[in-house]
> 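First the structure, then my questions, so here it is.
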2 protein chains.
Amino acid sequence: MTIKDPPRTPRPDSARTGMREVAERAGVAISSVSRVLSGHRDVSSVMRSRVLDAVAALGYEPDILAQSMRTGETMTIAFIVSDISNPLISEIALGAETTLRAAGYAMIVVNSMNDPDLELEHISLMRRRRTDGMLLSLADETYPDLRGALAKLAVPVVLVDRHLKDLDLGGMVLSEHRSGMREALERLHALGHRSIALINGSVSVRPSRERANAVRRFAKHHADTHCTVRSGSFTGTFGYDATRELLGRAARPTAIISGSNQILVGVLRALRELELKVPEDVSLITCDDSALAEFMSPALDTIMRDPNELGSQAASTLLALLRYEPIEPLNLPTHYQQRASSAPPPPR
Amino acid sequence: MTIKDPPRTPRPDSARTGMREVAERAGVAISSVSRVLSGHRDVSSVMRSRVLDAVAALGYEPDILAQSMRTGETMTIAFIVSDISNPLISEIALGAETTLRAAGYAMIVVNSMNDPDLELEHISLMRRRRTDGMLLSLADETYPDLRGALAKLAVPVVLVDRHLKDLDLGGMVLSEHRSGMREALERLHALGHRSIALINGSVSVRPSRERANAVRRFAKHHADTHCTVRSGSFTGTFGYDATRELLGRAARPTAIISGSNQILVGVLRALRELELKVPEDVSLITCDDSALAEFMSPALDTIMRDPNELGSQAASTLLALLRYEPIEPLNLPTHYQQRASSAPPPPR
DNA sequence: GTGAAAGCGCTAACAG
DNA sequence: CTGTTAGCGCTTTCAC
């Protein structure tokens, strides 16, 4: 059923009551209304109550847009992400939005779909919208035009678990990926694994680089252990291909670490196809928890962190920057959570 | 390390180049600049190129805020959700944002944390921000003050899988929960189940009501089958409690349907504690897919839908409303996906 | 303490 | 076709 003849009339209260009406009704100047509502102190109590009465009577609500126009502050923050449907990101977004909202800010979410060009467009568009600041979970830290675009930005920016070398744009909230990864590697080593593979996301972003570095550092200290790092993209397809390739070789790794929950899906698909049992045939550890990870059979060993806290801290850092307050770079912990998907390697 | 002495100087290009500078440089009137940039047709090509040159030379970017101030359109949509970290919601949000952005709109996300009072505050705040429209995934359709707040709204609203009786506020995009649920019930019945329980979310929102209705309708047509509906909240705690209670009884159900992915977590926890095997001891079906559901052991039977499409269609509907175009109410399909978590009931 | 006036950066009549 | 003018709704000097 199609609704015919949609209304052509202007929207109902397109004539919202403004400050002018309030001033008239209270019999005062429009600037006095502003003063009262802005909580200015030099206003007589008589004035205050007259204005407040009029406000209540008319149901007046200040227009945030007009305020922004005058003050230059939009009280709006942009959060540019690769893909909000990624559970890690959406949890970060929740933490960020909650903290921002408590401070009176609204959060615009934009998805770059991992396209650095689109990301640049978004940054520019958000600047034109005069957002007061930005939270960036960049798709590609190495993109050539990025630095220029960020340098041009007049508002404070906080990078969320991202790092641009030699570029100080104020805020940065990181996860300390190495320690969690090291714990996981040591656990595998203690179980007897001597061939371990990390199926890693894109090294164009910090988390993957840090994880790869942790593996390399581990390898350097454990000459008896062969470590492989396959870096690619945060996709199931990559996880699948890399797993098939790694396990199809004669000298197959006895343990796999998946570098993200998207990659994990591909790894699991490949393992299922290859009919390999976890942890009997191959041990499996993944990065970043999912709601169902602990209910898998076997329950998945996971390198954990607190994404809500990450988002919240990123927001707090941005708020501090907006207030010209001193900030300190944060490095939030990660840790290895043993469950049931790691075991000694199969006898060969 | 704390950074001392934060900059007290005003932000770098706080003196952005405006239309005025462009007009001066091009030697034309400011309104002519506006015309060229707005793609007005009655402009000479000489004028066009003069202006465009100046724009390019100065790197001028129109101020969206000021445009909004004049036109009354903010090109901003608010999406009010219970909790963006819910994977179902974040997928809907992705679909909505993608469609809105393609039409030039930005999306503000606000989390109500399932608090109807907070939700009302958000609605009011978004009105003050003059968002051009709202996408609402209400926390509680039955909240008394809600109707008033919505009626007062001057902008178009689209409810996302929500329904308010007798209130026509334009848009509504729904999921057709009943058919998927019916398929699932029939499958269970065919397997021989005669005692089935739905652990349902809050009946203050449409999806849970529809699912409960589907169960009741099924029960009416199958006198041989005992159906139980436990409605509560979309939380793991509720899922856990309800499962323990239902399975602790003498006449325990032989099949459980979980009404959301949050509830599912609680159900799984309870089943694990009770040491009940799926599907040997009890069959399990859940609503709305998760990335890992198919990799569980057993793979989880799921009543599926396309949340991205739901978000995208909701956005399209809102866009149509904004253009005063005719819209048609949508009812997107759900379907039962058999995997491996349903089987004949255990012999008694 | 309060009012009058000047814009924030842009668009939309209205003349010419 | 183009320039002039008048605001959108608010905040903020600046006088009184």
Side-chain angles (χ1 to χ4, degrees), chain A residues 10-11 13-52 54-55 58-76 127-132 154, chain B residues 10-11 13-52 54-55 58-76 127-132 154:
Chain A
R11 310 246 177 252
D13 77 4
S14 62
R16 299 173 43 173
T17 62
M19 220 171 221
R20 184 197 217 119
E21 284 90 327
V22 178
E24 276 171 8
R25 174 157 184 135
V28 302
I30 193 170
S31 52
S32 295
V33 178
S34 174
R35 277 195 204 92
V36 171
L37 267 48
S38 311
H40 231 270
R41 46 189 175 181
D42 284 347
V43 279
S44 67
S45 51
V46 190
M47 171 69 86
R48 169 160 289 112
S49 51
R50 283 178 70 87
V51 169
L52 259 27
V55 165
L58 295 167
Y60 167 74
E61 294 182 324
D63 183 327
I64 299 183
L65 193 64
Q67 286 180 167
S68 300
M69 189 70 187
R70 259 312 306 224
T71 63
E73 310 214 299
T74 55
M75 300 306 282
T76 306
R127 184 181 50 217
R128 289 184 45 197
R129 279 187 177 269
R130 296 231 218 148
T131 53
D132 293 339
Chain B
R11 312 245 177 253
D13 76 4
S14 62
R16 301 173 42 174
T17 62
M19 220 170 223
R20 184 197 215 118
E21 283 90 325
V22 178
E24 276 172 9
R25 173 157 184 134
V28 300
I30 193 170
S31 54
S32 295
V33 178
S34 174
R35 279 195 204 91
V36 170
L37 269 47
S38 313
H40 232 268
R41 47 194 174 174
D42 286 346
V43 279
S44 68
S45 51
V46 191
M47 171 67 89
R48 170 160 288 114
S49 51
R50 285 177 69 88
V51 169
L52 260 25
V55 166
L58 296 168
Y60 166 74
E61 293 182 325
D63 183 328
I64 299 183
L65 194 63
Q67 287 179 170
S68 299
M69 191 68 188
R70 255 320 302 225
T71 63
E73 311 213 299
T74 55
M75 300 306 283
T76 305
R127 184 181 50 216
R128 288 185 44 195
R129 278 187 178 269
R130 294 231 221 151
T131 54
D132 292 340

> Applying a 4.0 Å non-hydrogen cut-off, can you work out what Asp63(A) is touching in the nucleic acid: base, sugar-phosphate, or nothing?
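The answer is sugar-phosphate, as Asp63(A) gets under 4.0 Å only of primed atoms, P, OP1 or OP2.
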> Once you apply a heavy-atom cut-off of 4.0 Å, does Arg130(B) come out as touching a base, just sugar-phosphate, or nothing?
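Sugar-phosphate, backbone atoms only, no base.
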> Between Ser32(B) and Arg50(B), do the side chains contain an N or O donor and an N or O acceptor separated by less than 3.5 Å?
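No.
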> To the nearest angstrom, how far is Met69(B) atom CE from dA12(C) atom C1'?
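After rounding, the reported distance stands at 15 Å.
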> Would you kindly give the CZ-to-P distance between Arg20(A) and dG7(D), to the nearest whole Å?
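Atom CZ in Arg20(A) sits about 9 Å away from atom P in dG7(D).
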> Could you tell me how far apart Ile64(B) (CD1) and dC8(C) (C1') are, to the nearest whole angstrom?
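Result: 16 Å.
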> Are the side chain of Arg129(A) and the backbone N or O of Ile64(B) linked by a donor-acceptor pair below 3.5 Å?
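A pair under 3.5 Å: no.
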> Output the distance between atom CZ (Arg35(A)) and atom CE (Met47(A)), rounded to the nearest 0.5 Å.
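Reported to 0.5 Å precision, the distance equals 7.5 Å.
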> Roughly how far, to the nearest 0.5 Å, is the OG atom of Ser68(B) from the CG atom of Asp132(B)?
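Result: 7.5 Å between the selected atoms.
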> Write down the distance between CD (Glu73(A)) and C1' (dC10(D)), rounded to a whole number of angstrom.
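Rounded to the whole Å, the gap is 14 Å.
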> To the nearest angstrom, how far is Arg129(B) atom CZ from dC10(D) atom P?
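Distance check: Arg129(B) CZ to dC10(D) P gives 15 Å.
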> Would you say that more than 12 heavy atoms from the other residues, nucleotides or ligands in this model lie under 6.0 Å from the CZ of Arg20(B), or not?
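Incorrect, the count does not exceed 12.
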> Can you list the residues that meet the salt bridge (charged side-chain N to carboxylate O under 4.0 Å, His left out) rule with Arg130(A), with sequence neighbours excluded?
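With neighbours one apart ignored, the set is Asp63(B).
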> What is the distance from CD of Glu24(A) to P of dA4(C), rounded to the nearest Å?
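Roughly 12 Å, once rounded to whole Å.
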> Give the B/S/- string for nucleotides 11-16 of chain D, one per nucleotide from 5' to 3', where a protein heavy atom under 4.0 Å of the base yields B, of only the sugar-phosphate yields S, and otherwise -.
BBB---
> In this structure, how many angstroms lie between the P atom of dT11(C) and the CG atom of Leu65(B), rounded?
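So the CG-P distance, Leu65(B) to dT11(C), works out to 12 Å.
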